[in-house]
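Indexing begins at 1, ligand by ligand and atom by atom, following the structure's order.
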Amino acid sequence: MHDMDNKGLLIVLSGPSGAGKGTICSAYLKRNPGALLSVSMTTRKPRPGEKEGVNYYFTDKQSFEKMVKENKFLEYAEVYGNYYGTPREYVEEKIASGFDVLLEIDIQGALQVKDKYPDGVFIFIIPPSMDELKRRIIKRGTESAEAIYTRFQSAYHELTYLSQYSYVVVNDTVDEAVRRLEAIVLAEKCRVARNKGLYLGL
Ligand code: 5GP
């Protein structure tokens, strides 16, 4: 079969803090063993319970900037005063070997990926309402009052970027949101443009 058919999808998920990207991602990954999460690198300090190599690779500003110079990131951005970046090699290798790779990244990063990989699938996750978003950010309890305010305020700004994405998933319940995500991925895999070599095998 044609090469194109064996390549995995690059799936980019963005959305405001508290929209539930992380929860949806883990639920999706549990149900879809053909998909992997790209673990980002960050200069942010670990939150209680976060594990090196699981949630993030934690590093310092100097090492991060060195990796930027060495072109080690597929994209990177500064978010709330810290650097976050997607390790390039992991993503490229896994996609080439047929895995779908999920990136849970902010809008600035997603736009960089869109430039380099227009073939990617760009999905925006939104909460059912702004009240619910505020409730979720507060409930998480990992941020200071000031950080909660900043995150909530930027959620409004972030929503204006919705039109840059191809799909929107409302996270009302995790099950429904994952079902929507699965439907998107399945439909994307059926696109003629991704199956150009198919007729060769008929
Ligand atoms: P948090 O500090 O809450 O884990 O993440 C803050 C924001 O950074 C979230 O919107 C998250 O999606 C984004 N983020 C996490 N990893 C990356 C990354 O590798 N690149 C970019 N551009 N954003 C990221």
Nitrogen or oxygen atoms of Y84 and ligand 1 under 3.5 Å apart: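 For ligand 1, there is an N or O atom that lies under 3.5 Å from one belonging to Y84.
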Using 30° and 60° as the class limits, which term best fits the ring planes of F122 and Y165: parallel, tilted or perpendicular?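 It falls in the perpendicular class, over 60°.
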Can a side-chain donor-acceptor contact be found between Y117 and E92 if the only test is distance below 3.5 angstrom?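 The answer is yes; a qualifying pair exists.
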Heavy-atom proximity to atom 13 (C) of ligand 1, best of V39, D106, T42: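 Among V39, D106, T42, the closest heavy atom to atom 13 (C) of ligand 1 belongs to D106.
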Give the numbers and elements of all ligand 1 atoms closer than 4.0 Å to a heavy atom of [X].
X: E75; result: 18 (C), 19 (O), 20 (N), 21 (C), 22 (N)
X: K21; result: 9 (C), 10 (O), 12 (O)
X: A77; result: 22 (N)
X: G109; result: 22 (N)
X: R44; result: 1 (P), 2 (O), 4 (O)

For ligand 1, is any non-hydrogen atom under 4.0 Å from E50's backbone (N, CA, C, O), its side chain (CB onward), both, or neither?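 Neither; nothing of E50 gets under 4.0 Å from ligand 1.
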Answer with side chain, backbone, both or neither: which part of R151 has a heavy atom less than 4.0 angstrom from an atom of ligand 1?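 Looking at R151 and ligand 1, just side chain atoms fall under 4.0 Å.
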If you take the centroid of each ring, where Trp contributes its six-membered ring, are Y161 and F124 closer together than 6.0 Å?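 No, the ring centres sit 6.0 Å or more apart.
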Ionic contact status for E50 with R44, cut-off 4.0 Å: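 So R44 pairs with E50 through a salt bridge.
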Give a yes/no verdict on whether any heavy atom in Y56 is under 4.0 Å from an atom of ligand 1.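 Heavy atoms of Y56 do come under 4.0 Å of ligand 1.
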Any heavy atom of S17 closer to ligand 1 than 4.0 angstrom?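 Distance cut 4.0 Å: S17 fails for ligand 1.
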Side chain proximity check, N32 to D100, heavy atoms < 4.5 angstrom: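 A side-chain contact is absent here, since even the closest heavy-atom pair is not under 4.5 Å.
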